[in-house]
Amino acid sequence: MLFVSPFMAFVMGYGIYVFWNYMDKYGPKKFNTVSFVVVLFSIFVLISSVFSISDLDMLGQSSKQEYFTDHELSSFEHVYNYVPEGSAVYSDYYTTRYFYLPSIPEKSSGMNFSIYNNYRIDNVSELSSYRGYVIFRTGEFLKNGLYFGTDESSTKETSNYFYRNTPENRIDLEANLTGINKIYSNPATDIFAPGPALKKPIRSSNLNSTLTGI
């Protein structure tokens with residue numbers, strides 16, 4: 001669309017120029033060409049605005065991040081280094097998909113399995129009852145919101161299908177994460193362990209970090 005739009009602008013401008021000259025030569029003397037062009041342009045802008053406004057409700061759900069940042073990838077690497085294999089890992093939809101592609105031997109690269117039991121967060125209010133590790137992309141939540149389901153998910157119509165960054169959700173999230181052990185934190189991601197403790201040492205400097213922006 002960006003590539004075509006300049007050409008469309010030239011075509012429309014040339015059309016107005018031709019129309020202007022035609023009406024100036026052959027149009028009725030009482031016909032005001034300037035007023036007609038202004039009215040025609042105003043109608044076009046009005047119609048375009050109506051169609052654009054009708055799409056505004058879709059912007060929130062379509063403005064998701066299409067990649068993982070360096071900080072997010074660092075937190076995922078932390079999971080691989082410190083979270084025991086076979087542990088339950090809860091996260092948003094896209095993070096769950098990431099952990100289905102682990103670093104496994106080349107001879108097994110054709111196998112689609114994960115070294116963790118991956119689950120999507122289906123209810124933020126129940127985070128404290130999860131028995132496993134919770135990976136929460138805080139930066140993405142504050143920026144665009146998080147997806148906890150797929151298009152085929154039965155949770156699509158629930159409030160947790162697309163968890164938006166609203167004052168209510170921030171309060172709800174903070175209340176449900178209070179008291180849960182935070183084992184890792186960086187500017188983009190927080191990792192919690194409401195269930196079993198880690199079997200390997202963790203970076204103590206990150207234990208007292210708080211949620212970014214909350």
Side-chain angles (χ1 to χ4, degrees), residues 52-80 82-83 87-102 114-196 198 206-214:
S52 299
I53 292 174
S54 64
D55 293 334
L56 286 179
D57 293 337
M58 301 174 60
L59 295 179
Q61 295 192 11
S62 62
S63 59
K64 58 183 179 298
Q65 180 177 292
E66 300 291 349
Y67 57 89
F68 292 118
T69 65
D70 290 339
H71 287 300
E72 289 171 341
L73 292 175
S74 296
S75 68
F76 298 162
E77 186 65 24
H78 182 87
V79 173
Y80 282 127
Y82 293 97
V83 173
S87 299
V89 175
Y90 298 85
S91 57
D92 60 274
Y93 170 65
Y94 294 103
T95 304
T96 300
R97 291 187 60 183
Y98 175 89
F99 280 101
Y100 271 107
L101 299 173
S114 173
I115 61 177
Y116 301 112
N117 296 318
N118 294 279
Y119 303 98
R120 290 194 303 273
I121 298 172
D122 56 5
N123 194 333
V124 173
S125 300
E126 298 179 359
L127 284 175
S128 60
S129 66
Y130 285 175
R131 292 296 174 260
Y133 300 85
V134 176
I135 305 173
F136 200 91
R137 293 193 294 150
T138 312
E140 178 65 5
F141 164 69
L142 295 173
K143 182 179 179 181
N144 295 321
L146 290 173
Y147 287 82
F148 294 147
T150 65
D151 290 338
E152 297 80 19
S153 174
S154 60
T155 63
K156 183 175 181 179
E157 301 302 325
T158 67
S159 58
N160 279 330
Y161 170 73
F162 180 64
Y163 199 67
R164 298 176 182 274
N165 174 20
T166 64
E168 295 78 10
N169 284 346
R170 289 199 299 271
I171 294 173
D172 183 41
L173 179 64
E174 184 177 16
N176 285 284
L177 291 178
T178 300
I180 300 179
N181 295 325
K182 182 187 292 186
I183 63 174
Y184 178 87
S185 180
N186 67 29
T189 310
D190 295 288
I191 303 176
F192 302 86
L198 289 174
N206 291 317
L207 289 177
N208 297 321
S209 301
T210 57
L211 278 174
T212 304
I214 296 182

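Side-chain atoms are counted along with the backbone in the values below, which use heavy atoms only and exclude waters and symmetry mates.
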message: Can a donor-acceptor pair be found, under 3.5 Å and without considering hydrogens, that links the side chain of N176 to the backbone of L127?
response: no

task: Check the angle between the aromatic planes of F99 and F76 and answer parallel, tilted or perpendicular using the 30° and 60° thresholds.
output: perpendicular

query: Does the ring center of F136 lie less than 6.0 Å from the ring center of F192?
result: no

message: Does any part of the side chain of Y98, heavy atoms only, come nearer than 4.5 Å to the side chain of E72, both counted from C-beta?
response: no

field: Donor-acceptor side-chain pairing of N118 and T96 below 3.5 angstrom
entry: no

message: For F68 and T95: C-alpha separation, side-chain torsions, deciding distance, then whether side-chain contact (heavy atoms from CB on, under 4.5 Å) applies.
response: CA-CA 9 Å; F68 292 118; T95 304; 4.2 Å; yes

Partner set under side-chain contact (heavy atoms from CB on, under 4.5 Å) for A175, not counting sequence neighbours: none

field: Test log, rule side-chain contact (heavy atoms from CB on, under 4.5 Å), inputs F148 and V124
entry: CA-CA 10 Å; F148 294 147; V124 173; 3.9 Å; yes

Shortest non-hydrogen contact between Y133 and I183, atoms and distance: CD2-CD1, 3.9 Å

message: For F141, is there any backbone N or O sitting under 3.5 Å from a side-chain donor or acceptor partner on Y163?
response: no

- request: Enter the distance from K182:NZ to L177:CG here, rounded to the nearest 0.5 Å.
  value: 8.0 Å

query: Does the S129 side chain pair with the main chain of E126, one donor and one acceptor, at a distance under 3.5 Å?
result: yes

query: Who pairs with N165 by side chain to side chain donor-acceptor pair (under 3.5 Å), at least two apart in sequence or on another chain?
result: R170

- prompt: So do the side chains of Y82 and I191 get within less than 4.5 Å of each other, counting heavy atoms only?
  reply: no

- prompt: For the residue pair S128 and I180, what are the closest heavy atoms and their distance?
  reply: CA-CD1, 3.7 Å

query: Distance from R131 atom CZ to Y90 atom OH, nearest 0.5 Å?
result: 9.0 Å

- prompt: Taking the side chain as C-beta and beyond, is there a heavy-atom pair between Y184 and S74 under 4.5 Å?
  reply: yes

- request: Check whether any side-chain N or O of Y116 sits under 3.5 Å from a backbone N or O of V83 as a donor-acceptor pair, and report yes or no.
  value: yes

- prompt: Looking at OG1 of T189 and NE2 of H78, how far apart are the two atoms once the value is rounded to the nearest 0.5 Å?
  reply: 11.0 Å

query: Measuring from R164:CZ to L146:CG, what's the distance to the nearest 0.5 Å?
result: 12.0 Å

- prompt: How far does OG1 of T138 sit from NE2 of H71, to the nearest 0.5 angstrom?
  reply: 12.5 Å

field: Spatial distance of atom CG (L173) from atom CG (D190) [nearest 0.5 Å]
entry: 9.0 Å

